[in-house]
Colleague: 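I'd like to ask you about the structure that follows.
Just so it is clear: chains get the letters A, B, ... in the order the sequence lines come, proteins before strands, and each one is counted from 1.
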Amino acid sequence: MATVSMTVNGKAVSGNVEPRTLLVQFLRENLRLTGTHVGCDTSQCGACVVHVDGKAVKSCTLLALSCDGSDVVTIEGLAHDGKLHPMQEAFREHHGLQCGYCTPGMIMSAIDIVNRKGNALDEHTIREELEGNICRCTGYHNIVKAVEAGAAAMGGKAMPMAAE
Amino acid sequence: MYEFKYHRATSARQAANLLVKADDAKLLAGGHTLLPTMKQRLASPANIIDLGKVAELKGIEIKGKTIVIGAMTTHAEVANSAAVQAHLPGLAALAEGIGDPQVRHKGTIGGSVANNDPSADYPAGLVALGATIVTNKRKIAADDFFQGMFATALGEGEMIVKIIFPIASRFAYAKFPNPASRYALVGVAVARKGASVRVAVTGAGENGVFRWADAEKALGAKFSAKSVEALKASAKGLNGDMHASADYRAHLIGVMAKRAVMAATAK
């Protein structure tokens, strides 16, 4: 066993882990942060996406020990004082989910896209950039709308309402 | 994944020493090939040497007429580098096309090159540009480095430190990605430097990356998309599998070569 320490959602945490422990296992099983999901477990589906040192990564393909000293943000770290993050709010408003399994990864990836590409995202860019996130229910249409609206809202613009 | 002993390297020299001393040791770069392989129990090294904190192996710099990229530089860092975009935009585009955004945040150039996956993008780029792979022991020309499927010139205790790319006046890479895996079914890199033209093909060959001599000759005479249009790549020695037959791959080599030349001559 080895000791690993990192910051998760702003809090200093540490734990004893086997070297083969993946970051996603450490988050889910040691810290009980079960919002980060394991989908394919082969770094394809993106259900496990979290931010490590400000960048979206697939936590099923990272050793927890490799993240020693890192700053990690999971889906649980987005809402503050009972208020959803603008990207979460956009997914709710635009019905960007059905079963919800891929949603935490989708939202973490969407915020990463905004961090890299800015607040004005067109549909083509969003679809290209979501290449590493797979949803098996929605057909992506509402996810793309949600990301576009969430990106604008993160820039301080009022959230466009979903068309009914 | 089977158990292993974990070592966090703090310098390239220490990592190289550990690689020799530790029994059955593997270097961990971005881990996006090694960890999935270990999960499937296709690999079970006794010792893992993590290069993630070795700062000296990261970075991109212009040195004379070359771009030098540290082994632990990620695909995203190469794709977004102002230096690479200015001097070898085709190489930035190649890196931008690897995997997906999350994979590009972790996957490294050194890891990809050392792994030499027969469908990986970088081997074609390195061979077309005539890059030099610098290890902790020596310098190896790309032509001599890639030695078949997952096989390289790297010896025991040898690790890639950096890769030197000569700046070509024209360079581009075009690939036809497998619609599911996004790995290259066929990828072709074309580079022109002075009178020399090099064309390298990945994804297609039974022995990994190879040069396409006919295209080099035709493009050497006239560097335009028309020069490759008349050529037909041979299907001999190409892969045929459930994704594409050898004949179809041969056809794609011509199409991708043409697209690469068009991209290389676009401005």
Side-chain angles (χ1 to χ4, degrees), chain A residues 1-5 16-25 38-70 105-106 108-117 125-134, chain B residues 1-10 22 25-55 72 74-77 79-80 96-108 111 177-183:
Chain A
M1 300 288 265
T3 305
V4 64
S5 304
N16 282 320
V17 296
E18 286 186 17
R20 60 180 167 175
T21 306
L22 300 166
L23 177 61
V24 71
Q25 290 174 304
V38 178
C40 68
D41 201 22
T42 54
S43 70
Q44 295 177 68
C45 81
C48 67
V49 171
V50 300
H51 294 187
V52 174
D53 298 322
K55 289 179 180 144
V57 296
K58 293 181 169 173
S59 62
C60 78
T61 308
L62 262 178
L63 297 176
L65 284 174
S66 295
C67 303
D68 192 67
S70 287
M106 285 284 178
M108 298 313 288
S109 294
I111 294 169
D112 182 66
I113 298 170
V114 178
N115 291 343
R116 289 182 290 112
K117 305 254 168 189
T125 304
I126 295 168
R127 287 185 185 271
E128 290 277 317
E129 289 289 327
L130 283 179
E131 180 167 8
N133 292 81
I134 294 172
Chain B
M1 205 186 306
Y2 288 112
E3 282 186 69
F4 55 84
K5 196 158 184 272
Y6 177 87
H7 310 266
R8 185 177 295 120
T10 50
K26 275 270 185 199
L27 297 168
L28 180 69
H32 274 48
T33 299
L34 181 56
L35 292 177
T37 310
M38 288 167 66
K39 282 186 188 180
Q40 291 173 29
R41 299 186 169 180
L42 296 171
S44 52
N47 287 280
I48 285 287
I49 303 159
D50 190 348
L51 298 173
K53 308 275 195 230
V54 184
M72 285 295 291
T74 65
H75 306 323
E77 286 161 351
N80 294 316
E96 180 72 20
I98 299 173
D100 56 47
Q102 296 88 353
V103 169
R104 293 195 286 274
H105 279 152
K106 292 307 295 183
T108 64
N178 178 313
S181 75
R182 317 305 285 172
Y183 267 95

Colleague: What's the spacing between A/Lys58 NZ and B/Asp100 CG if we round to 0.5 Å?
Modeller: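 Rounded to the nearest 0.5 Å, the NZ-CG separation comes to 3.5 Å.
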Colleague: Considering only heavy atoms and a distance below 4.5 Å, find which of A/Leu130, A/Asn133, A/Val52, A/Leu63 pairs most often with chain B.
Modeller: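 Result: the option with the highest number of such pairs is A/Leu63.
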Colleague: Below 4.5 Å from any heavy atom of chain B, which atoms of A/Ile113 appear? Answer side chain, backbone, both or neither.
Modeller: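 The answer is neither part of A/Ile113.
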Colleague: Using only non-hydrogen atoms and a strict under-4.5 angstrom cutoff, which residues of residues 45-54 of chain B touch chain A?
Modeller: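 Against chain A, the residues of residues 45-54 of chain B that fall inside the cut-off (heavy atoms, under 4.5 Å) are B/Asp50, B/Lys53.
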Colleague: Run the side-chain hydrogen bond (donor to acceptor under 3.5 Å, both in side chains) test on B/Gln102 and A/Asp112 for me, step by step, so that the C-alpha distance in whole Å, both residues' side-chain angles and the decisive distance to 0.1 Å come before the verdict.
Modeller: CA-CA 9 Å; B/Gln102 296 88 353; A/Asp112 182 66; 6.0 Å; no
Colleague: Quick check: do A/Val17 and B/Tyr6 have side-chain heavy atoms less than 4.5 Å from each other?
Modeller: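 No; the side chains remain at least 4.5 Å from each other.
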Colleague: Of the backbone (N, CA, C, O) and the side chain (C-beta and beyond), which part of A/Leu22 lies under 4.5 Å from a heavy atom of chain B, both, or neither?
Modeller: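 Answer is side chain: those atoms of A/Leu22 sit under 4.5 Å from chain B.
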Colleague: Select one option (side chain, backbone, both, neither) describing which atoms of A/Asp41 are under 4.5 Å from chain B's heavy atoms.
Modeller: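 Answer is both: backbone and side chain atoms of A/Asp41 are under 4.5 Å from chain B.
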Colleague: In terms of heavy-atom proximity below 4.5 Å to chain B, should A/Ala2 be classed as side chain, backbone, both, or neither?
Modeller: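 Nothing of A/Ala2, per the 4.5 Å heavy-atom cut-off to chain B.
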Colleague: What part of A/Glu129 gets closer than 4.5 Å to chain B, counting heavy atoms only: side chain, backbone, both or neither?
Modeller: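 The answer is both parts of A/Glu129.
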Colleague: Rounded at 0.5 Å granularity, tell me how far NE2 in B/His32 sits from OG1 in A/Thr42.
Modeller: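 Result: 10.5 Å between the selected atoms.
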Colleague: At a heavy-atom distance under 4.5 Å, which candidate from B/Gly31, B/Ser181, B/Pro101 has the highest pair count against chain A?
Modeller: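 It is B/Pro101.
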Colleague: From B/Arg104 CZ over to A/Glu131 CD, what is the distance, rounded to the nearest 0.5 angstrom?
Modeller: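 With rounding to 0.5 Å, CZ (B/Arg104) is 7.0 Å from CD (A/Glu131).
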Colleague: Output the distance between atom OG1 (A/Thr61) and atom NZ (B/Lys106), rounded to the nearest 0.5 Å.
Modeller: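 If I round to the nearest 0.5 Å, the distance is 11.0 Å.
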Colleague: Looking at CE of B/Met1 and CD of A/Glu18, how far apart are the two atoms once the value is rounded to the nearest 0.5 Å?
Modeller: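 With rounding to 0.5 Å, CE (B/Met1) is 10.5 Å from CD (A/Glu18).
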Colleague: Using a cut-off of under 4.5 Å on heavy-atom pairs, state which of A/Gly69, A/Gly46, A/Ala56 scores highest against chain B.
Modeller: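 Counting heavy-atom pairs under 4.5 Å, the top option is A/Ala56.
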Colleague: Tell me whether B/Lys39 contacts the main-chain N or O of A/Cys60 through its side chain, where contact means a donor paired with an acceptor under 3.5 Å.
Modeller: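 Yes: the side chain of B/Lys39 pairs with the backbone of A/Cys60.
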Colleague: Quick check on B/Leu28 against chain A: is it the side chain, the backbone, both or neither that has a heavy atom closer than 4.5 Å?
Modeller: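 The answer is the side chain of B/Leu28.
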Colleague: Quick check on A/Val49 against chain B: is it the side chain, the backbone, both or neither that has a heavy atom closer than 4.5 Å?
Modeller: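 The answer is the side chain of A/Val49.
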